[in-house]
Every structure is written in C-alpha cells, then in structure tokens.
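Single-structure report; data block below.
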Amino acid sequence: MSVLAYTDLMGLHKLLAGVRAHSYGHSAGKEQPAQKHLEVVRRDLQLLVPAGMRVRVSGSGQSLPVIPWVAILDENITKTAQEGLYVVYLYRRDLSRVYLSMNQGATQHRRGAEGRGLKGVAAEAAACEELASESDLIRSHLSAEALIGMIPNIDLGAPVKYFLPRAYEYGNIASIEYDLQHLPSDGQLLDDLTRLRALYSTCIDIKDEIRAIDPSALKTTSGSSTVKKVKLRTPKGSIFRPKNSSEYTAYVKAHEQTRQRRHEALIEAFGTWVRGRGLVPNNNVHPRDLTVEFNQTHWLIEAKTVGANPEFAVREAIGQLVSYRHFLYREQGIKDPHLVGLFSEPIGEAFAQLLSSLDIESIWQTPGGWAGAGAPGGPGLLQTLMR
C-alpha cells in the first residue's frame, strides 16, 4: 500500500531542551528567556498535535510555578490543567529531567476537599491522597503492554511545602522519563507523545467505566465541569425506518447534532489547508461533514476523531459514507462522489487497506501535516492537494 504524506514538522527535541537551556527560575519573572521560550513551545507544539487538542503552558497566572510544565488537553474532556485528565510534560525543579506524564487536575481534588469542609494543609493532604488512590486504581486497569517502558512514580525535586509539585507526583498514572541533557531524537519523542495520547483515551474510558460500576470509587470525573457533554436530539418518534430517500433526507437534516470540539477542529484544519491549496471546501452541507470540489471532481468527506481503537472510527466512517452516497447522491440521480475518510490520527495499515478495498480514500492528520492512502477508483484527494 502506498502512503502519501505532507508535513511541516518542527523539532520537539529543541522545544523541550530550551527550557533547561534558558535556565528557568520561578522567581525570575515572566520576562525571563525560559518563560518566553515556553510560549514558543505552546505555539509550535500546537502544530504537532491533532486538531482539537489544545496545548497549555505554565505561567499564565500572576506568579510563576516552581515546576514548569507543558500540557496537552483534549478539549472534549477538559479546557484547563486544573481539572480532568491530561498529558503533560513536567520538568524537575533542577531541570535535570522532564517527564511525559499521564496526569490529573490537582486543583479539582483540592476544591473537592474544601467543599467537604477541609482547609489549608488538611485540604491539600486529602487532595494528594485522592490523587494517589485514583492513579493507582486507573493504573491497575491498564494492561502490562500499555505500561511497558513507563514508570508509576516521578520525582520533581520540589520542597514539600509546595502543593502542586506534590500533587503532580501523586497524580501521575504513568510516565516516560527523559534526561534533558540526553534527549532522544525528534522521531522517538513524537512516537512517545503519540503513545501517551492513545493512553489518554484509554484512561478516560477506564475512569468512566469505574464510575459507572462503582460511583463511590472516584471523587472526580474524567473531564472538566466546564465542558458540556455531547448530546444528540432526534425528532419525535425514535424509531426510524425510512421508506424512501426523501424520508431519509428529511430525517438527517432534522437531526440535531452537537459536535465535539475535536471533530469540528479537524474539519476546520483540513478545510483551511484544502482552501490554501486552491481547492474549494464546503462544510455547509449537513448532514455531510465536508465536500471538496476541484476541476469538476467532487469528494465526499466523513471526519472522525480516533480514540484508543481506530476500528470504531473506521467502521462509522464506512457506514456514513456509504449511506450518504446512496441516499444523497444515487437516489437523487447525482453522480457518485469520491469517498474519503478523514481521521484525526493514523489508523494503521490494516484499516487503510480495508478502506481502499471499498474504494474509500483515507487521510489522517500527522504531527505537522497530513498523510493517507488512496483508493483504486481515484482521483486521490491527497495526491491532488500535494500536486
């Protein structure tokens, strides 16, 4: 199978090492070179993560934290590093090491303790105890394979009086440790980040399942109170068995969809790139996610965010593409579109081959670019974009 790729990759090695190179100090103020470098990290790392993942860095408050950090948040789960689950680079205080950690929002736990009447040191101690308990519980549900090469405990080297560094240590579910003077290659760092993002999805599912089975086992949810749950509202009459294409079209147009942030961000990112390459994207074609026009060629695109298992995203994309082609094109006497599955992350060679066998092109987002596998029926959208 031939895979095309377009990328504008930047160096993760340089981004991470710069914090040490500029000698970060929490009392040195926001104008220090290390803090300004963290803003560069935020900007450039944003290009290396899938659409809908948001990068945050320490230093947005009035004072700088003892431990600098760089967090990657799934905006479907949380908008802030204070709540929910997230992936984060945590620097040791002496800047000798950095940890890529699957971690939890510590402030959420402290607020919960304060809500139960605890204050000050007592609230912080209760929060750390909860963080440790939840980390152990989630980790116990992860497979040995998922944890290969990861460590359950991290040491940030900060005095005990500082709450957040202690909380980060207790909130660590699994981590990869790096020596900042001997960082691996960009390729290895990106592979590790991709692995942690997959673990992120798994931990969210685990935490939700634990709460469903035993709500008393956890004090916090997997996500943030600031993120609304995704809901679908269907027209009256939940049973839907269309007798003809007009019924189907009426139903799907009436079907109210509240889409996830990552889904919309994926469509926006790809559509912007398509427009910049001279093609004409259109996302105002409900219920379809996106169509693209160029030289009298029409592509129908179904976008899917990929979780821990890409099979679900691939199966849903196949079903929707085939349904839309039948009801919105063939039944309307319109020429068949070229079908494209658009994914937030790589789906693997096996699923790309499956889609190709069904004459569906696959395109997925990569760090800094796009890659994909064509379909025998061509013409390939990605190939056209890379012309």
Side-chain angles (χ1 to χ4, degrees), residues 1-7 50-53 248-249 252-253 255 257-307 310-332 334-348 351-366 369-387:
M1 180 186 65
S2 176
V3 175
L4 293 173
Y6 172 89
T7 186
M53 303 290 284
Y248 175 86
T249 303
V252 293
K253 285 186 176 179
H255 190 87
Q257 294 178 318
T258 303
R259 295 179 172 176
Q260 295 185 338
R261 291 176 179 270
R262 286 190 63 197
H263 180 268
E264 292 299 286
L266 174 63
I267 295 171
E268 180 180 0
F270 187 70
T272 299
W273 185 55
V274 165
R275 186 178 293 108
R277 305 294 290 180
L279 283 70
V280 182
N282 186 0
N283 65 347
N284 189 28
V285 284
H286 180 73
R288 295 163 291 182
D289 284 337
L290 184 70
T291 63
V292 172
E293 304 277 349
F294 183 72
N295 284 351
Q296 298 184 330
T297 301
H298 178 90
W299 289 273
L300 166 63
I301 301 166
E302 180 63 28
K304 294 295 176 187
T305 57
V306 178
E311 179 181 3
F312 303 113
V314 171
R315 286 165 55 182
E316 288 181 1
I318 292 170
Q320 286 178 268
L321 285 168
V322 172
S323 293
Y324 293 161
R325 180 179 63 187
H326 177 79
F327 287 109
L328 304 181
Y329 291 84
R330 291 179 177 177
E331 289 288 290
Q332 307 298 328
I334 301 173
K335 180 182 177 182
D336 276 4
H338 298 285
L339 305 182
V340 180
L342 176 67
F343 302 96
S344 62
E345 300 178 44
I347 56 175
F351 288 122
Q353 288 179 342
L354 168 63
L355 290 167
S356 181
S357 73
L358 298 171
D359 208 15
I360 300 174
E361 180 179 1
S362 53
I363 298 175
W364 53 85
Q365 194 169 26
T366 64
W370 304 91
L381 175 56
L382 188 59
Q383 187 174 23
T384 302
L385 288 163
M386 294 171 59
R387 70 194 189 285

Can you check whether [X] reaches [Y] side chain to side chain, under 4.5 Å on heavy atoms?
| X | Y | answer |
| --- | --- | --- |
| W273 | P281 | no |
| T384 | W299 | yes |
| F351 | S362 | no |

Distance from [X] atom [atom1] to [Y] atom [atom2], nearest 0.5 Å?
| X | Y | atom1 | atom2 | answer |
| --- | --- | --- | --- | --- |
| E264 | T305 | CD | OG1 | 11.0 Å |
| R325 | Q320 | CZ | CD | 14.0 Å |
| N283 | D289 | CG | CG | 9.0 Å |
| R277 | R387 | CZ | CZ | 7.0 Å |
| I363 | L355 | CD1 | CG | 11.5 Å |
| L279 | T291 | CG | OG1 | 11.0 Å |

Do you know which two heavy atoms are closest between [X] and [Y], and how far apart they sit?
| X | Y | answer |
| --- | --- | --- |
| A375 | S356 | CA-OG, 4.1 Å |
| A51 | Q365 | N-OE1, 2.8 Å |
| G372 | L382 | N-CD2, 3.3 Å |

Between the side chain of [X] and the main-chain N/O of [Y], is any donor-acceptor distance below 3.5 Å?
| X | Y | result |
| --- | --- | --- |
| W364 | A373 | no |
| E361 | L381 | yes |
| E302 | R288 | no |
| T272 | E268 | yes |

**OP:** Could I get the full list of ring pair (Phe, Tyr, Trp, His ring centres under 6.0 Å) partners for Y329, not counting sequence neighbours?
**Re:**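 Testing Y329 for ring pair (Phe, Tyr, Trp, His ring centres under 6.0 Å), a comparison that skips the adjacent residues, returns H298.
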Original post:
Hey, mind stepping through I318 and L354 against side chain to side chain contact (heavy atoms under 4.5 Å, CB included) and telling me if it holds?
Top reply: CA-CA 10 Å; I318 292 170; L354 168 63; 4.1 Å; yes
**OP:** Using the side chain to side chain contact (heavy atoms under 4.5 Å, CB included) rule, take F270 and I301 through it: C-alpha gap first, then chi angles, then the decisive distance, then the call.
**Re:** CA-CA 11 Å; F270 187 70; I301 301 166; 4.0 Å; yes
Sequence neighbours left out, cut at 3.5 Å: what donor-acceptor pairs do the side chains of residues 339-348 make with other protein atoms?
from, atom 1, to, atom 2, distance (Å)
S344, OG, R262, NH2, 3.4
S344, OG, V306, N, 2.8
E345, OE1, R197, NH1, 3.0
E345, OE2, R197, NH1, 3.2
E345, OE2, R262, NH2, 3.4

Subject >> Which residues share a side-chain hydrogen bond (donor to acceptor under 3.5 Å, both in side chains) with D359, sequence neighbours left out >> reply: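 Expected list: none.
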